[in-house]
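Whatever order the structure lists them in is the order used to number ligands and atoms, beginning at 1. Note that the coordinates shown come from a computational prediction; the quantities given were computed from them, not determined experimentally.
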Amino acid sequence: MTSSAAHASLACPAPESDGAVPADIPVVREQGQREVFCGLTGIIWLHRKIQDAFFLIVGSRTCAHLMQSAAGVMIFAEPRFATAILEERDLAGLADANDELDREVARLLERRPDIKLLFLVGSCPSEVIKLDLSRAAERLSRVHAGRTRVLSYSGSGLDTTFTQGEDAALAALVPDMPTLPLQEGAAEGGADSATDLLVVGALADVVEDQLGRLFAALGVTRVHFLPPRKAGDLPPVGPGTVMLLAQPFLGDTARLLEARGARRLSAPFPLGEEGTTLWLKAAADAFGVPADRFDSVTEAPRARACAALARFRGELDGRRLFLFPDSQLEPVLARVLSRELGMVPVEVATPYLHRGLMGPELALLPPETRLVEGQDVDAQLDRCRAERPDLTVCGLGLANPLEAEGLTTKWAIELVFTPIQGYEQAGDLAELFARPLRRAGLLKV
Ligand code: SF4
């Protein structure tokens, strides 16, 4: 398959949009009861990414239970996250929680000298008793200087939902990133071989390696990833950096990187054949990669992605899709599922809609899609029941009741835990949506 043939195929449609954001996409804003995980959940994928980091949640037994059940059956000989439980005495202000925290951290670091970066992660209870974890992190960084760096962020349900935990963790890393000096030739507004590319957002190692090989084949060699695999390998940032977000929920991190001089490239996110191509193209254009080189490097993986997607198109084409707000990936998923697999998104809800980051995605959504920002869960459940979609993507708490009502569901959390970015994972992404429909079909038989 040639690249133009790939574009002609319905399974891999032509990237017709120039990425321009439609002036006024209607968005319904809802405020009400939310059914979304808090930001602590991000630890479940972050602790696997930064191999010498440890996440110490300063929270309650509820937080510990959430982490245990969200992490499922994952049991590690040397776990990389834990909960320092605030007991009633702490909550009642009878004990000095700071002293206890210092003692717990000292005990942990003595037992685990391999921990190079310790995150103190705030929770609802630590916020309620106004435990200042940023000051605690500064203090503990001084105490354990030369051995372990201590940072803090909030994963509290009062401040964050689900994927915002990753944004908060990466934002905490930005001030520690070394400064990249502006090199000759890295003129403002353009980029060339003197400029570094920073890919921002936790990706599975296998995906990171694939993307790294594609950038190398394109001739973009100075590529860094945030977060790094080792705490000591924080990438540099400065006016010579251009960044590509690999995840759509990193608004705060992007803002801080921009304040350090990085220039953000605007592109759809690297999901599906089309999104991955447009995402890579944004970097290729910024680094002056000739079009024929881009085509020859991407032709084979694009063809593989198209073939993998085509295998699922028959099962998904024309099926109606309803997305509850969870991961902020919803508009991106709706774009892939509608443009590359023929699904019909009737409602696409997302906890927050960052138009600046999401513009190129919104430009690719079917214009009749109902976009919702925020949540009023009862009203949304009513709409979902009225629509009777073929597939509903929602959190764990909503999935069982909806299944009991005869609706077919997909757990949103799996989409964050599964490697779905890049060409080679396009088929896996499609299969995640085909599987529940297949299962529902078998159950009906
Ligand atoms: Fe619950 Fe808050 Fe703990 Fe999250 S941080 S588990 S919302 S108490």
Side-chain angles (χ1 to χ4, degrees), residues 30-48 53-75 79-93 95 97-98 100-101 104-105 108 118-137 150-172 202 249 252 324-329 349-352 374-378 380 394-400 411-414 416-417:
E30 284 200 324
Q31 279 191 322
Q33 197 188 324
R34 295 184 306 184
E35 284 272 349
V36 190
F37 279 130
C38 65
L40 294 186
T41 335
I43 294 169
I44 294 166
W45 61 91
L46 285 171
H47 85 275
R48 282 189 267 179
F54 193 97
F55 294 80
L56 186 63
I57 301 160
V58 184
S60 63
R61 287 184 201 284
T62 309
C63 309
H65 284 308
L66 169 86
M67 291 305 292
Q68 245 162 21
S69 46
V73 292
M74 290 191 299
I75 295 169
R80 292 206 292 267
F81 63 85
T83 308
I85 304 222
L86 292 164
E87 302 283 2
E88 307 240 315
R89 275 161 38 83
D90 303 299
L91 298 172
N98 276 303
E100 297 203 10
L101 183 60
E104 285 305 321
V105 167
L108 172 70
L118 175 67
F119 284 105
L120 303 178
V121 187
S123 66
C124 306
S126 72
E127 283 192 10
V128 167
I129 64 163
K130 302 211 181 320
L131 188 55
D132 189 339
L133 289 183
S134 63
R135 278 181 59 188
V150 185
L151 296 173
S152 72
Y153 71 89
S154 173
S156 144
L158 303 171
D159 289 340
T160 57
T161 65
F162 199 10
T163 48
Q164 278 181 298
E166 176 175 332
D167 194 15
L170 299 195
F249 41 74
D252 284 350
F324 277 77
D326 264 284
S327 63
Q328 299 188 53
L329 281 168
T350 189
Y352 301 101
Q375 188 169 40
D376 178 353
V377 72
D378 288 328
Q380 201 164 37
C394 59
L396 299 160
L398 297 179
N400 280 350
W411 290 351
I413 197 166
E414 279 183 69
V416 185
F417 292 161

Under 3.5 Å, is there a donor-acceptor pair between the side chain of [X] and the main chain of [Y]?
{"X": "Q164", "Y": "T161", "result": "yes"}
{"X": "S152", "Y": "L120", "result": "no"}
{"X": "T160", "Y": "G165", "result": "no"}
{"X": "E30", "Y": "D376", "result": "yes"}

Taking the side chain as C-beta and beyond, is there a heavy-atom pair between L56 and L101 under 4.5 Å?
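The answer is yes, as the side chains (C-beta and beyond) meet within the 4.5 Å cut-off.
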Proximal protein heteroatoms (N, O or S) of atom 4 (Fe) of ligand 1, under 2.8 Å:
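The answer, once waters are left aside, is C38 SG.
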In this structure, is the centre-to-centre distance between the rings of F37 and F162 below 6.0 Å?
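F162 vs F37: aromatic centres under 6.0 Å.
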